[in-house]
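Each chain gets a letter, A, B and so on, in the order the sequences are listed, and its residues count up from 1. The analysis underlying the following values was restricted to heavy atoms, covering all of them including side chains, and did not include hydrogens, waters or symmetry mates.
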Amino acid sequence: MSSHMLSRDSFNRIRSEILETWPTGKDLSLEEGIEYQKKIPTAKNFAVAMRKASEAGETLLQPRAGVALIQDHIKLLQYLENEGAADLLPTTIDAYTRQNRYQEAAVGIEKSLQARTSLLNGFPAVNHGVIGCRQVTEAVKKPIQVRHGTPDARLLAEITLAGGFTSYEGGGISYNIPYAKKVPLKKSIEDWKYVDRLVGIYEENGIHINREPFGPLTGTLVPPFVSHVVAIVEGILALRQGVKSLTLGYGQGGNMFQDIAALISLKSLAHEFFKREGFSDYELTTVFHQWMGGFPEDEAKAFSVISWGASVAVLAGADKVIVKSPHEAMGIPTKEANAQGLRCTRQAVNMLRDQKFPIGGEHRKEIEMIEREVRSIMEAIYRLGNGDVENGVVAAFEAGAMDIPFAPSIHNHGKILPMRDNEGYIRVFNKGNLALDDEIVAYHRARLEERAKAENRDVCFQMVTDDIYAISKGRLVGRPR
Amino acid sequence: MSSHMLSRDSFNRIRSEILETWPTGKDLSLEEGIEYQKKIPTAKNFAVAMRKASEAGETLLQPRAGVALIQDHIKLLQYLENEGAADLLPTTIDAYTRQNRYQEAAVGIEKSLQARTSLLNGFPAVNHGVIGCRQVTEAVKKPIQVRHGTPDARLLAEITLAGGFTSYEGGGISYNIPYAKKVPLKKSIEDWKYVDRLVGIYEENGIHINREPFGPLTGTLVPPFVSHVVAIVEGILALRQGVKSLTLGYGQGGNMFQDIAALISLKSLAHEFFKREGFSDYELTTVFHQWMGGFPEDEAKAFSVISWGASVAVLAGADKVIVKSPHEAMGIPTKEANAQGLRCTRQAVNMLRDQKFPIGGEHRKEIEMIEREVRSIMEAIYRLGNGDVENGVVAAFEAGAMDIPFAPSIHNHGKILPMRDNEGYIRVFNKGNLALDDEIVAYHRARLEERAKAENRDVCFQMVTDDIYAISKGRLVGRPR
Amino acid sequence: MKPVNIVLGVIGFDCHSVGNKILEAFFSEAGCKVTNLGVMVSQEEFISAAIETDARAIMVSSLYGHGEIDCAGLREKCIEKGLEDIILYVGGNLVVGKTPFAEVEAKFLKMGYDRVFGPDCVLEDVVELLKKDLDTRLKGND
Amino acid sequence: MKPVNIVLGVIGFDCHSVGNKILEAFFSEAGCKVTNLGVMVSQEEFISAAIETDARAIMVSSLYGHGEIDCAGLREKCIEKGLEDIILYVGGNLVVGKTPFAEVEAKFLKMGYDRVFGPDCVLEDVVELLKKDLDTRLKGND
Ligand code: B12
Ligand code: B12
């Protein structure tokens with residue numbers, strides 16, 4: 001593993017291998033892809049849309065959506081841009097494709113044809129190939145992005161970028177640890193280097209492609225510093241391969257002040273570490289994900305969660321907000337439910353866009369706290385990698401110095417236990433081996449003791465469980481029942 | 001007109017007259033009413049519920065609801081307490097009863113029986129009489145309040161308090177100027193003196209009855225100081241007649257910081273003026289009304305407005321929030337839609353209840369601004385009344401020193417024109433004769449010029465129209481189309 | 001549009017004054033001579049004002065839900081008083097409860113209103129329709 | 001409940017690990033000996049683990065929507081491998097899209113699962129049902 005830009009030779013060698021892994025990859029021409037991208041109007045370029053939103057201080061709306069069949073998928077996206085007034089479109093990839101199980105995806109397509117409804121939880125872009133993708137990207141007016149969760153997303157990237165998508169979500173950590181069980185981190189980082197390099201090549205050819213590391217991770221009680229570290233590291237790795245347009249993400253935690261502090265610090269910390277790595281030529285924007293944990297089943301309550309997420313996104317100054325639907329707790333939303341989520345969000349965004357949120361002293365403190373936490377872990381990463389972030393982050397996960405709560409991967413320590421304090425801020429209850437200094441840990445502990453006192457119980461594991469269920473049961477802090 | 005407690009003699013004289021105005025008033029015994037109230041369990045007492053909520057720092061949820069027929073009304077309320085989990089129940093009175101048109105209400109009941117659905121926009125409590133009211137109040141578990149809009153609400157008060165309601169909304173100004181066309185202010189204030197005295201008599205007999213002046217007035221771009229002045233004056237008038245439990249109200253303006261500043265200042269200003277009038281023995285609580293102006297028709301958007309109102313209510317520390325439904329723009333909600341509004345609100349309230357909103361310097365300034373504005377008008381009222389609030393407020397409305405925007409009453413000047421500034425704060429564009437000092441007016445003007453500049457147009461009447469439509473068209477500030 | 005007299009008001013015991021103020025401003029701007037009776041207007045008041053001002057149209061608002069009761073019979077009373085030709089428009093939240101607009105419209109057309117508008121109507125369109133209806137009536141009178 | 005071996009896991013290529021961790025904690029607390037296979041478990045892995053641990057029940061989770069495809073045939077494979085008597089429970093967001101629970105339940109009962117649970121199921125109730133089903137099987141075996 002090396003921390004440099006992938007050489008064109010290595011790139012080409014890998015390329016010829018991965019294009020062989022499924023028939024639709026065969027004979028794929030990078031040059032033709034680049035030529036095709038050149039003809040896409042600027043108004044449909046994702047990177048440009050993100051930059052403009054950031055400059056204008058606007059918050060763009062993007063749903064999640066993907067179904068098995070091309071025509072249905074097109075209808076879905078057109079509905080979301082027309083009835084839902086989405087600013088940006090997605091194409092969410094199905095879970096078989098995410099695991100490179102194109103054979104299973106093919107079965108899913110077949111069964112969906114028979115059932116006359118999608119039996120896949122997303123759009124199997126690899127199976128549909130470049131031609132299928134182009135049908136989709138040409139049928140819509142708005143910039144469109146690939147959203148997935150794929151540890152090895154190389155073939156998917158080749159096909160979808162040639163297919164006219166102008167943004168690509170994911171990263172070697174964020175699309176492995178929360179999404180896979182056995183894939184070694186070293187491998188997924190190496191595979192994502194290829195993806196980033198591919199984007200870099202497009203950039204070198206004048207095609208602006210947006211890249212978005214996946215912010216929310218497991219979506220469940222993730223302390224801001226944890227996702228910030230992943231976002232910053234993946235940002236560095238992407239910039240190294242020539243990526244120019246980066247959107248860093250954060251999933252709503254639930255406490256408004258912590259969430260705003262998180263989004264503010266995410267941007268400043270990213271600039272700080274990118275500078276340290278010697279990067280200056282990039283466009284940095286942010287995305288805020290509405291509540292990513294368990295949703296309430298009742299739709300009226302779900303609307304409330306959606307609206308609250310939208311409100312905080314705007315107050316925090318996010319450039320983009322990822323929108324949930326009132327069906328979230330139950331299943332993949334119908335197009336109608338998805339558009340409802342968008343309209344609910346739009347109303348909140350528009351009601352709040354003109355309201356300025358002044359950062360007071362209390363609040364400044366939380367920003368500083370997050371900064372300290374992130375720097376503390378980042379220092380450990382640099383130390384473990386002898387100055388190299390890529391080697392460092394792999395070592396940090398191995399040592400548990402970096403740890404993501406509730407993740408399925410066996411390559412994650414899984415010792416860290418987060419918990420809400422009395423005001424709903426996400427703190428660390430059990431730090432595992434996390435490279436946080438004692439002062440920070442003591443601060444977290446003190447805040448948790450406050451809650452324990454208020455609830456008349458000791459700080460305990462039950463609180464974690466209660467917190468996981470809390471929003472879906474209609475509150476933020478999982479108080480004793 | 002006198003600014004003292006109504007003598008028992010005058011009270012009795014008026015009483016015998018008004019009980020004659022409709023058959024259900026005949027032979028109504030105050031003593032029997034008091035005895036009946038004594039048997040109502042404390043858990044169902046509205047005043048106690050409000051005090052407890054305030055002490056515990058909780059925000060209680062109350063819907064609006066009322067239909068023509070007793071059995072239907074009971075079913076509706078039971079649905080709202082069971083399916084909607086309302087903390088407090090309403091009985092919204094129909095618009096004929098509000099104008100003392102009991103004959104028309106009788107026709108409405110008749111037609112509703114025929115149509116098998118309510119053709120009245122509320123519950124005609126006078127027509128149903130004490131027995132009808134008791135059927136209702138006995139059928140529910142939660143404290144229950146009369147909500148109406150009645151300039152002369154004396155008979156309604158006699159019947160509903162004897163009927164077991166433990167809270168009564170309204171006041172001589174707030175239930176006249178926004179609700180009537182020709183009723184002289186002097187008259188409605190005099191008539192409400194009777195209502196407050198009736199409550200005072202109940203209090204003297206050990207029955208705690210909550211009184212709630214109607215905060216939102218016309219619900220349309222009402223600057224906080226305008227509704228605060230009405231709330232404080234009506235509070236003083238109520239306390240004079242022996243009322244002990246007062247809930248002052250405020251209708252959401254839309255800018256979160258102004259709304260929070262408004263609710264905080266409402267409480268401190270009320271204490272300030274109540275003290276000045278020599279009152280100390282009272283319980284003061286607050287109520288926040290979710291957006292009272294035109295709603296968006298789309299239900300997903302309406303949910304967003306509801307949730308946002310709920311969020312601000314909690315952040316502002318309101319003791320109660322009045323809940324809207326997703327049907328608001330279209331018509332009186334079904335019980336299902338009403339319960340949806342409650343569940344949406346509950347989710348927001350519970351997600352936010354633990355989050356503390358620290359007041360920063362910027363924000364403190366807005367609180368001080370509202371204080372200055374209110375004191376400025378209150379001083380004019382004292383001056384015009386030679387030290388007496390009651391005479392003063394009548395004179396102030398006559399002179400336009402006090403003025404409510406968009407009100408239907410011919411006894412209101414209607415010269416004041418409010419408008420949003422660039423951040424959505426409600427300011428005064430045209431002050432009419434309003435008793436605001438020049439510095440305040442200049443401040444408002446400056447803020448409005450900021451907006452005009454941002455919108456590239458002059459400060460103009462069109463902005464007012466745009467602002468009126470704004471929320472229903474999906475935003476806060478009515479930007480040029 | 002040639003200046004035309006119209007009468008405006010909110011019927012019954014309805015106090016909703018905001019829409020009424022906007023309608024007044026809008027129709028005046030559009031070139032009508034508006035007699036605005038404000039809120040809480042009885043059928044009789046509408047008719048007298050129309051007679052006094054020689055109005056070509058009456059614009060009835062009802063927001064509060066009692067429209068069904070309050071608006072019935074206005075057409076008949078107009079005819080009684082010799083206003084055979086007057087245009088009657090009605091708009092607002094005309095019935096109690098969220099109801100499909102087609103149902104509401106049918107109900108009020110049957111009562112003799114020429115056009116029925118929901119709370120979401122676009123005022124620019126209303127003016128266009130009014131012009132059209134005025135033209136038709138004029139021709140009909142020729 | 002007498003200590004009983006159960007096997008737990010999330011089937012197919014499903015990565016949702018939060019519910020799985022909670023189920024492990026809950027069933028352990030309730031007195032089961034839990035073998036938790038974690039996420040992304042194949043039918044074969046479920047069966048081998050059940051054989052190895054002599055489990056009385058397999059608890060299959062599927063959250064991500066492919067449940068309908070992934071869960072089909074497990075009962076048949078169990079019988080094939082000699083696990084005629086094993087209790088099969090399945091729970092989560094079993095199909096793609098919001099679907100009336102009765103429909104979902106019917107589908108999975110037909111596939112041979114003994115009980116089907118939605119994402120809102122109360123775990124306390126699940127344990128009660130499990131006890132009941134274990135008792136019934138025991139009696140049936142007598
Ligand atoms: C957090 C989350 C994620 C995280 C998961 C992180 C992780 N590694 O765990 C991330 C962001 C990575 C993610 C990814 C995806 N997700 Co997801 N996710 C959720 C979400 C919001 C919460 C899940 C959760 O943790 N709930 C809390 C736990 C405690 O509850 P639970 O998982 O439901 O488990 C409980 C019950 O179901 C029950 N139960 C479960 N199994 C069993 C078994 C038995 C026998 C019994 C008795 C009970 C039982 O008991 C459990 C404990 O109480 C849900 C929606 C929701 N529920 O609000 C969507 C959801 C499950 N995800 C969904 C989808 C589709 C995906 C993706 C495919 C992406 C996409 N297309 O949108 C990918 C999955 C890729 C893959 N390979 O699996 C869909 C499934 C759709 C469907 N069934 O129709 C959901 C419902 C969202 C939606 N409405 O679209 N997701
Ligand atoms: C503000 C408001 C109030 C304020 C009014 C203050 C005032 N004096 O104006 C207050 C709080 C006092 C109030 C009181 C009541 N209200 Co109110 N109120 C509203 C609210 C929220 C906004 C109304 C508004 O100002 N809209 C903005 C203006 C610009 O729009 P508009 O009024 O709809 O008018 C436009 C159109 O309708 C149209 N239009 C109207 N008339 C006509 C006529 C013609 C010919 C044409 C072409 C067009 C047209 O053009 C107008 C301009 O664009 C509405 C719900 C909503 N719309 O969101 C409820 C609403 C109108 N109120 C309602 C009710 C029932 C009442 C009450 C009876 C209390 C109760 N039971 O809940 C009392 C009325 C008492 C009485 N005597 O009238 C109901 C009516 C229910 C129904 N029809 O089924 C509504 C719909 C709320 C609801 N869903 O329950 N209300």
Options [options], ranked by heavy-atom pairs under 4.5 Å with chain A, top entry:
options: B:N422, B:I359, B:L352; value: B:L352
options: B:K356, B:R479, B:K473; value: B:K356
options: B:E299, B:R343, B:H363, B:Q258; value: B:R343
options: B:N350, B:T345, B:V349; value: B:N350

Donor-acceptor contact present, side-chain B:Q355 to main-chain A:M256, <3.5 Å: yes
*asked:* For B:I471, is there any backbone N or O sitting under 3.5 Å from a side-chain donor or acceptor partner on A:Q347?
replied: yes
| query | What do the steps show when you test A:I306 against B:F303 for side chain to side chain contact (heavy atoms under 4.5 Å, CB included), and what is the final call? | reply | CA-CA 10 Å; A:I306 290 170; B:F303 274 121; over 6 Å; no
Whatever's closer than 4.5 Å to a heavy atom in chain A on B:L315 counts as side chain
Bottom line for B:D298: the part with an atom under 4.5 Å from chain A's heavy atoms is side chain
For A:S304 and B:C344, the nearest pair of non-hydrogen atoms, with its separation, is OG-O, 2.7 Å
Looking only at heavy atoms, the pair that brings A:S307 and B:W308 closest together is OG-N, 4.2 Å
The reported gap from CG in A:L342 to NZ in B:K301 (rounded to nearest 0.5 angstrom) is 11.0 Å
Note: vs chain B, highest number of non-hydrogen pairs under 4.5 angstrom among A:P326, A:P296, A:A310, A:A300 is A:A300
Looking only at A:L476, A:V305, A:V477, the option with the highest number of non-hydrogen pairs under 4.5 Å against chain B is A:L476
- request: Flag the pair B:D354 and A:R420 as a salt bridge only when some basic side-chain nitrogen lies within less than 4.0 angstrom of an acidic carboxylate oxygen.
  value: no
_Check the orientation of A:F357 and B:F357. Use parallel for under 30°, tilted for 30 to 60°, and perpendicular for over 60°._
perpendicular
